[in-house]
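Notes follow once the structure below has been shown.
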Amino acid sequence: MNVDKRGQTKKIPIIDLSDPSDELVAHAVVKASEEWGIFQVVNHGIPMDLMQRLQEVGRQFFELSAAEKESVTRPVDSQDIQGYFPKDPKSLKAWDDHLIHNIWPPLSINYRYWPNNPSDYRDVTEEYTRNVTKLTDKIVGYLSKGLGLRCEALKEGLGGEEAEYVIRINYYPPSDSVIGAPAHTDFCGLALLVSNEVPGLQVFKDNHWFDVEYINSAVIVLIGDQIMRMSNGRYKNVLHRSIMDKEKTRMSWPVLVEPKHGLVVGPLPELTGDENPPKFESLTFQDYVYRKIKKLLRD
């Protein structure tokens, strides 16, 4: 049970996107983004069997031999962040293997980092991409509406049709001594995540860590740094972490929606003025990531 320090029970919002009242759905998305920075959506339009197939090909990949998985590791002399990354035994800050690669738009994709085994990995991932991009557009539309902006405002702020979608498949083996992923907010604008049935995702609110309830058919939506900055702080970038299970392997499939590296992102001009000055500096996404990693941000 999620109980805060005052003994109050709190639950991360669950939003039914099939509700016939678009206004009620938009209100729920906006309220959750303002108060939590995270919510779960059900009846979202992504077929359940497709979500199951996505998880199956991901699980099959991580069950391959080390040599087969390393076939999609980045070259030694590459600075690319794509590819298969085994856990680092020298670091206990994060304890996972992961596979990461771009899935959209087509010009950003490098199939060198897409596994050939299992054989249907590409077909399943491309079908999931078609569905998750549609769901992203719907969520971004609700967020724009809550800010009183035209439907495409936030999408354009993330780069419009050039916004990049990156899938990261996380594999957390059983452990009771390390944490899967330390507390962080996401650099990107938005993350849409599915996981297997093993719980472990937690979010921080009101000085308390809350467990994210596992719902078989749900997609978890997390507000990232860029949408927080574009909204001038109205929407929260959720602080979250992943803990390990002592007996079972946990896996998750976040899709990160982020600007191209050279795109300048900051508070949208429509939301700022004399009475509401910008709270954040406008920076290229690449510069923002560098400054955040190096702890050089002024805001």
Side-chain angles (χ1 to χ4, degrees), residues 1-4 8-55 124 127-155 158 165 167 186 188-206 209-224 227-228 231 234-240 242 250-257:
M1 181 180 294
N2 283 330
V3 181
D4 66 15
Q8 296 177 324
T9 301
K10 293 189 176 182
K11 192 173 183 179
I12 293 159
I14 300 168
I15 301 171
D16 185 347
L17 295 188
S18 69
D19 190 307
S21 173
D22 205 51
E23 290 295 325
L24 287 178
V25 174
H27 176 75
V29 168
V30 169
K31 188 171 187 289
S33 300
E34 291 175 338
E35 296 181 0
W36 283 88
I38 183 173
F39 50 93
Q40 301 204 59
V41 292
V42 295
N43 296 318
H44 40 65
I46 301 179
M48 187 63 206
D49 69 318
L50 176 58
M51 296 172 68
Q52 291 171 341
R53 287 164 59 209
L54 179 78
Q55 295 185 40
V124 171
E127 185 178 351
Y128 186 72
T129 298
R130 288 189 288 271
N131 281 268
V132 81
T133 52
K134 290 179 182 177
L135 177 57
T136 300
D137 286 345
K138 185 178 293 187
I139 297 298
V140 169
Y142 289 134
L143 293 172
S144 297
K145 194 171 186 178
L147 296 171
L149 303 173
R150 55 193 174 83
C151 195
E152 289 297 307
L154 286 184
K155 184 70 182 289
L158 286 173
Y165 290 70
I167 193 166
D186 292 328
C188 62
L190 201 64
L192 293 89
L193 178 149
V194 298
S195 71
N196 67 355
E197 72 283 356
V198 181
L201 180 61
Q202 296 183 326
V203 300
F204 195 70
K205 176 178 166 59
D206 300 332
W209 284 104
F210 291 89
D211 296 319
V212 178
E213 176 187 359
Y214 171 72
I215 300 173
N216 188 36
S217 60
V219 174
I220 301 167
V221 181
L222 302 96
I223 302 296
I227 283 184
M228 183 273 289
S231 71
R234 181 171 170 186
Y235 296 142
K236 291 186 176 180
N237 55 339
V238 63
L239 184 68
H240 56 287
S242 178
R250 180 173 181 269
M251 293 186 68
S252 65
W253 288 257
V255 170
L256 313 173
V257 186

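The CD1 atom of Ile227 sits 8.5 Å away from the SG atom of Cys188 when rounded to the nearest 0.5 Å. Separation of atoms NZ (Lys155) and CZ (Arg150) is listed at 12.5 Å; rounding is to 0.5 Å. Note that CZ of Phe210 is 13.5 Å distant from CG of Leu201, once rounded to the nearest 0.5 Å. Atom CG of residue Leu222 and atom CG of residue Leu192 lie 8.0 Å apart, to the nearest 0.5 angstrom. Going from atom CG of Asn196 over to atom CD of Gln52 covers 12.5 Å, rounded to the nearest 0.5 Å. Going from atom CG of Asn43 over to atom OG of Ser217 covers 6.5 Å, rounded to the nearest 0.5 Å.
Residues passing the salt bridge (Lys or Arg N to Asp or Glu O under 4.0 Å) test with Asp19, sequence neighbours excluded: none. Taking Asn237 as the reference, Thr185, Asp225, Met228 meet the side-chain contact (heavy atoms from CB on, under 4.5 Å) condition, with sequence neighbours excluded.
A donor-acceptor pair under 3.5 Å is absent between the side-chain atoms of Ser33 and the main chain of Gly37, judged by distance alone.
Two residues are said to be in side-chain contact when any heavy atoms from C-beta on lie closer than 4.5 Å; His44 and Met51 meet this criterion. When side chains are defined from C-beta on, Trp253 does not count as touching Val219, because their heavy atoms never get closer than 4.5 Å. In this structure, Ile223 and Val238 have side chains that are not in contact, with every pair of non-hydrogen atoms separated by 4.5 Å or more. Annotation: side chain of Ile15 is not in contact with side chain of Gln40 (no heavy-atom distance under 4.5 Å). In this structure the side chain of Val255 reaches within 4.5 angstrom of the side chain of Tyr128, judged on heavy atoms. For the pair Val42/Leu17, no side-chain contact is recorded, criterion being any heavy-atom separation below 4.5 Å from C-beta on. At a threshold of 4.5 Å between non-hydrogen side-chain atoms, the residues Asp16 and Ile14 do not count as touching. Using a 4.5 Å cut-off on side-chain heavy atoms (C-beta onward), Pro47 and Asn131 make contact.
Between Ser195 and Tyr214, the shortest heavy-atom contact is O-CE1, 3.7 Å. Contact detail for Arg130 and Lys134: the closest heavy-atom pair is O-CG, 3.3 Å. For Leu256 against Ala191, the heavy-atom pair with the smallest separation is CD2-CB, 3.7 Å.
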Residues Leu50, Glu127; criterion side-chain contact (heavy atoms from CB on, under 4.5 Å); working and verdict: CA-CA 8 Å; Leu50 176 58; Glu127 185 178 351; 3.9 Å; yes

Working for side-chain contact (heavy atoms from CB on, under 4.5 Å), residues Val203 and Leu239: CA-CA 6 Å; Val203 300; Leu239 184 68; over 6 Å; no

side-chain contact (heavy atoms from CB on, under 4.5 Å) assessment of Glu213 paired with Lys11: CA-CA 8 Å; Glu213 176 187 359; Lys11 192 173 183 179; 2.9 Å; yes

Asp211 vs Gln202, side-chain hydrogen bond (donor to acceptor under 3.5 Å, both in side chains): CA-CA, chis, key distance, verdict: CA-CA 5 Å; Asp211 296 319; Gln202 296 183 326; 2.8 Å; yes

Trace of the side-chain contact (heavy atoms from CB on, under 4.5 Å) decision for Asp186 with His240: CA-CA 9 Å; Asp186 292 328; His240 56 287; 3.4 Å; yes

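Geometrically, Lys205 engages Trp36 in a cation-pi contact defined by less than 6.0 Å to the ring centre and at most 45° from the axis.
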Taking only distance into account, with no hydrogens and no angle test, what donor-acceptor pairs under 3.5 Å do side-chain atoms of residues 139-148 form with protein atoms, sequence neighbours excluded?
| from | atom 1 | to | atom 2 | distance (Å) |
| --- | --- | --- | --- | --- |
| Tyr142 | OH | Asp22 | OD1 | 2.7 |
| Ser144 | OG | Val140 | O | 3.0 |
| Ser144 | OG | Cys151 | O | 3.2 |
| Ser144 | OG | Leu154 | N | 3.4 |
| Lys145 | NZ | Glu23 | OE2 | 2.9 |

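Ionic pairing of Arg234 and Glu34 is present here: one or more N-O contacts between side-chain nitrogen and carboxylate oxygen are shorter than 4.0 angstrom. Ion pair Glu35/Lys236 not flagged as a salt bridge, since none of the NZ, NE, NH1 or NH2 atoms sits closer than 4.0 Å to an Asp/Glu carboxylate oxygen.
A side-chain donor from one of Arg250 and Ser242 sits under 3.5 Å from a side-chain acceptor of the other.
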